[in-house]
Amino acid sequence: MTTLATALLSALPLMAAWAVHVWWLRARLNTARRDPLTGLRTRDGFTHRATALLKDPRAVVVLADVDRFKQINDTHGHAAGDALLKATADRLAHHVGTSGVAGRLGGDEFAAVVIDDHGTAGDLLAVLHAVLARPVDGQDLAVRTTVSLGWVRAADFPADDLSGLLRRADEAMYAAKQARAGMRRAGLGWLFATVTGRRAGRSGARTAAPIVEVAA
């Protein structure tokens with residue numbers, strides 16, 4: 001056996017151990033980027049994938065916030081609240097599909113980036129809004145609520161990064177919640193966002209109402 005072959009054979013155990021180690025690290029990273037309750041990506045995992053998707057001019061950024069979530073928790077218990085969050089996450093992930101990404105930003109707030117192949121994001125999100133309002137399977141029929149949606153086309157604000165687009169969607173979502181309109185699209189006007197990225201109604205934000213347009 002040649003010296004080279006001997007060296008390669010002796011290196012095989014080390015190479016195998018390294019491959020296992022890399023696989024373990026990737027598994028740990030993937031687990032860290034997944035929310036344990038909903039299975040959706042956490043903020044870090046969502047940001048990583050969403051930033052890549054925003055290179056597509058058809059990308060649409062969506063912010064979703066569960067209405068009356070505290071009331072559900074207080075009335076029916078945390079188990080019912082968890083079931084509602086899990087159902088919301090499952091339905092959102094199914095609607096987004098494999099071409100987009102959905103994530104749980106924290107609490108009862110979710111985000112998604114979808115690729116709008118046919119320019120019908122408003123119609124598709126209207127369907128999603130109805131789906132998210134359905135009762136939770138296996139729970140009391142009272143364990144249901146609506147979800148306020150705000151969305152923005154990335155192409156409308158080409159200078160904005162993910163953070164900026166999320167801020168605009170957040171402004172539109174808050175306006176929808178305040179008006180009980182269900183969903184709003186961020187308009188082409190200035191949304192009164194501050195440099196700290198706070199929406200109207202949050203500490204540090206302007207008090208003027210955001211400029212939005214109703215989704216068509």
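The figures that follow rest on heavy atoms only: side chains count, while hydrogens, waters and symmetry mates do not. Please read these numbers as outputs of a predicted model, since none were measured by experiment.
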Please name the pair of heavy atoms, one in [X] and one in [Y], separated by the smallest distance, quoted to 0.1 Å.
| X | Y | value |
| --- | --- | --- |
| A93 | L40 | CB-CD2, 3.9 Å |
| A154 | L54 | CB-CD2, 4.0 Å |
| A186 | A172 | N-CB, 3.8 Å |
| L85 | F110 | O-CZ, 3.9 Å |
| A64 | L149 | CB-CD2, 3.4 Å |
| D35 | T42 | N-CG2, 3.6 Å |

Chi angles and distances behind the side chain to side chain contact (heavy atoms under 4.5 Å, CB included) call for D90, K86: CA-CA 6 Å; D90 289 346; K86 183 66 167 61; 3.0 Å; yes
From CA spacing to verdict: side chain to side chain donor-acceptor pair (under 3.5 Å), D67, T146: CA-CA 6 Å; D67 300 324; T146 54; 2.6 Å; yes
Backbone N/O of G81 and side chain of H76: donor-acceptor pair under 3.5 Å: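 Judged by distance alone, no pair lies under 3.5 Å.
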Main-chain N/O of L124 paired to H95 side chain as donor or acceptor, under 3.5 Å: yes
How long is the span from the [atom1] atom in [X] to the [atom2] atom in [Y], to the nearest 0.5 Å?
| X | Y | atom1 | atom2 | result |
| --- | --- | --- | --- | --- |
| L105 | L63 | CG | CG | 6.5 Å |
| R104 | R34 | CZ | CZ | 14.0 Å |
| T75 | K70 | OG1 | NZ | 9.0 Å |

Side chain to side chain contact (heavy atoms under 4.5 Å, CB included) partners of Q139, counting only residues at least two apart: A80, A83, V136, V143
Evaluation steps, side chain to side chain contact (heavy atoms under 4.5 Å, CB included), between D170 and E109: CA-CA 10 Å; D170 183 62; E109 188 173 63; 3.6 Å; yes
Evaluation steps, salt bridge (charged side-chain N to carboxylate O under 4.0 Å, His left out), between R185 and D156: CA-CA 11 Å; R185 174 184 176 181; D156 289 343; 2.8 Å; yes
Residues in salt bridge (charged side-chain N to carboxylate O under 4.0 Å, His left out) contact with D117, at least two apart in sequence or another chain: R58
